[in-house]
Amino acid sequence: MIDKIHSQREQLCVRKQDWHTLVSICPVAIFRTNTKGDCLFVNEQACLLFGLHAGTTQFKNWAESVHPQDRKLIVAAWSKTVRERTPFQEEYRICRTDGKILWVFGQAVEEMITADATERTFIGTFTDISALRHAQTQIQIRKQQLERVERTNTMGEVASSLAHQLNQPLTVIATLAEVCTKKALNIHDMQLQTGLQKILKQAYHAGEIIHRLKNLFSSGKLQKVPTNINDVIRQTLTTVAENITHVNTKIIKNETLPLILIDPIQIEQVFINIIKNAAEAMENACVIYPILEITTKTQEHDIIVSIQDNGPGIAHDVITEIFEPFFTTKKQGMGMGLAICRTIIEAHAGCLNCRNTKQGGVEFLIKLPLH
Amino acid sequence: MMNSHEIFSHLADQTVYIVDDDPEICEALSWLFESAGIHFVAYTCGNRFLEEYRGQSGCLILDVRMKSMSGLILQEKLIKQNYRIPIILMTGHGDVKMAVRAMKNGAVDFLTKPFNSQDLLEIVQAVLEKNVRKHKWEQQRILIRKQIEKLTAREKDILHQAIKGKVTKSIADELKISVHTVELHRANLTKKMNVNAVAELVRLVILYDVFDCNEEMACVA
């Protein structure tokens with residue numbers, strides 16, 4: 001009997017040792033807590049995460065370290081876990097003892113209640129997700145920036161093409177009114193003269209309004225910086241990653257491309273537009289093995305970027321019109337995308353062309369001057 | 001003085017070419033030039049204009065943004081073909097960069113639509129008048145050149161010395177001939193060239209840059 005107890009005690013000892021090794025070596029911050037958030041146990045990893053010495057007893061209540069701005073949310077979530085016995089899973093900020101703020105992913109589940117238990121306990125882990133959060137924020141900022149640029153560009157393009165389309169008839173009105181004024185002068189008809197002068201004046205006035213409107217939206221000046229075009233392409237591919245998951249991208253880079261003075265965000269807009277169009281065209285045409293081939297090279301005094309797909313190509317009768325504002329083949333499209341692309345490339349003193357390839361796809365050629 | 005057979009030397013011989021892919025604009029401008037009594041031809045297609053234009057004197061009113069061919073490209077094509085017709089550009093955009101590029105390539109003016117047609121008429125008038133003056137100058141130049149070619153070698157020598165500002169005595173020294181001979185040649189020169197004095201001939205030679213010697217003249221001065 002005594003032997004049996006002895007052996008059981010030994011086994012228990014071994015098990016306790018095992019358990020201890022596990023929680024102290026395991027690279028996860030582990031803690032045990034009660035309903036009030038008091039820390040009944042923390043492993044070394046948890047101490048380190050919170051900026052405390054390993055084995056310290058300072059770590060009293062995990063809820064107190066929650067960032068003041070997240071506290072209300074976390075307290076509510078914890079209450080829910082306690083009340084409804086659901087697992088706790090939250091992303092929030094903590095304030096370490098050294099003042100540093102970390103983003104953590106905290107999880108906790110309730111332990112099985114044993115006979116000798118005096119209160120309900122929970123086992124949980126903390127994961128440092130600061131780096132992930134930072135990257136996510138960066139992506140978010142970038143997306144917002146791109147969206148803003150896209151919006152401004154669209155407004156600018158709409159205003160610009162509207163200006164062009166309205167200025168044509170206004171020129172006709174103004175010129176004819178001027179000619180007719182002279183004719184009215186010859187027949188001495190004062191009222192006709194005055195009327196024509198008023199038409200003329202109003203035509204100029206309308207022209208003035210259009211110019212002001214156009215200037216308002218086309219304030220988007222280029223922010224040119226020395227850039228490697230390969231970097232812009234890499235950046236673009238991360239931005240459009242979710243749009244081209246079904247596409248096999250093949251990139252043939254000239255690694256020795258010189259830096260050129262461009263606005264990288266605007267040029268990225270051009271690439272995004274063309275790549276998204278290509279991916280959509282290939283998807284709509286149910287291309288079995290869609291390939292997007294991007295090539296960069298230098299040619300005389302230019303850098304050439306070629307973006308080629310193996311989609312259905314562009315109908316011959318519309319290929320000259322695809323860069324015109326308001327031209328679209330999509331049900332939901334406004335027809336500004338490629339018009340904006342052309343404006344951006346021309347603003348860089350380059351040119352943008354497109355042709356159907358022999359293999360049946362489309363190739364967009366972007367030419368940007370080296371100097 | 002000299003009678004010259006003048007080509008293009010009247011405003012009536014000048015043509016205003018209008019190139020805009022909007023037929024309404026072409027028509028309105030046609031009305032404008034018709035009412036001002038200026039000869040014009042309007043094209044709604046840049047390529048058509050390039051096919052038909054053969055270097056006639058006048059000026060070109062050109063739209064920048066056309067569907068088939070941009071006005072700036074048409075301008076560059078004309079330059080490549082060595083046509084130096086003065087160009088007035090029209091744009092609905094008023095793009096500064098475009099204007100700079102066009103002006104660098106020699107455009108005379110840049111108008112933003114809708115423009116004051118009186119302004120356009122004045123610009124066109126000035127360009128055409130300048131053309132006429134230039135043609136008159138060129139005709140005169142050719143005429144003087146022809147007459148100079150008829151001079152004897154010795155007479156030409158004396159003219160060149162006179163252009164350098166030398167008096168009879170130093171010309172005689174330079175050419176190692178007598179003062180009397182120089183005077184004789186000078187008399188012949190004035191007679192043949194139909195001028196009152198050698199000084200007047202020198203003035204004409206410089207005015208019409210007969211010997212393409214603007215540089216040389218500068219050196220002498």
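Predicted, not measured: the structure shown is a model, and the values here were computed from it. Every chain is numbered from 1, with letters handed out A, B, ... down the list of sequences.
- Of all residues spanning residues 170-178 of chain A, those with a heavy atom less than 4.5 Å away from chain B's heavy atoms are A/Leu170, A/Thr171, A/Val172, A/Ala174, A/Thr175, A/Leu176, A/Glu178, arranged by number.
- In A/Lys297, the NZ atom is not crowded: 12 or fewer heavy atoms of neighbouring residues, nucleotides or ligands sit closer than 6.0 Å.
- Taking a 6.0 Å sphere around NZ of A/Lys183, one finds it holds 12 or fewer heavy atoms contributed by other residues, nucleotides or ligands.
- Heavy-atom distances place the side chain of B/Leu121, and not its backbone, under 4.5 Å from chain A.
- By the neighbour-count criterion of 12 heavy atoms within 6.0 Å, atom CZ of B/Arg48 is sparsely surrounded, having that number or fewer from other residues, nucleotides or ligands.
- Heavy-atom proximity under 4.5 angstrom to chain B picks out A/Ala203, A/Tyr204, A/Gly207 from residues 193-207 of chain A.
- In this structure, B/Met69 places its CE atom where more than 12 heavy-atom neighbours from other residues, nucleotides or ligands lie under 6.0 Å away.
- At a heavy-atom separation below 4.5 angstrom, chain A is approached by B/Ala28, B/Leu29, B/Trp31, B/Leu32, B/Ser35 within residues 26-42 of chain B.
- Heavy-atom distances place both the backbone and the side chain of B/Asn116 under 4.5 Å from chain A.
- Neither the backbone nor the side chain of A/Glu208 has a heavy atom closer than 4.5 Å to any heavy atom of chain B.
- The backbone N or O of B/Lys113 sits less than 3.5 Å from a side-chain atom of A/His211, completing a donor-acceptor pair.
- Taking non-hydrogen atoms and a 4.5 Å limit, the residue list of residues 348-371 of chain A in contact with chain B is empty.
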(request) Give the intermediate values and the outcome of side-chain contact (heavy atoms from CB on, under 4.5 Å) for residues A/Gln168 and B/Arg65. (result) CA-CA 11 Å; A/Gln168 294 291 98; B/Arg65 183 152 274 195; over 6 Å; no
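- Among A/Glu346, A/Gln165, A/Arg342, the residue with the largest count of heavy-atom pairs under 4.5 Å with chain B is A/Arg342.
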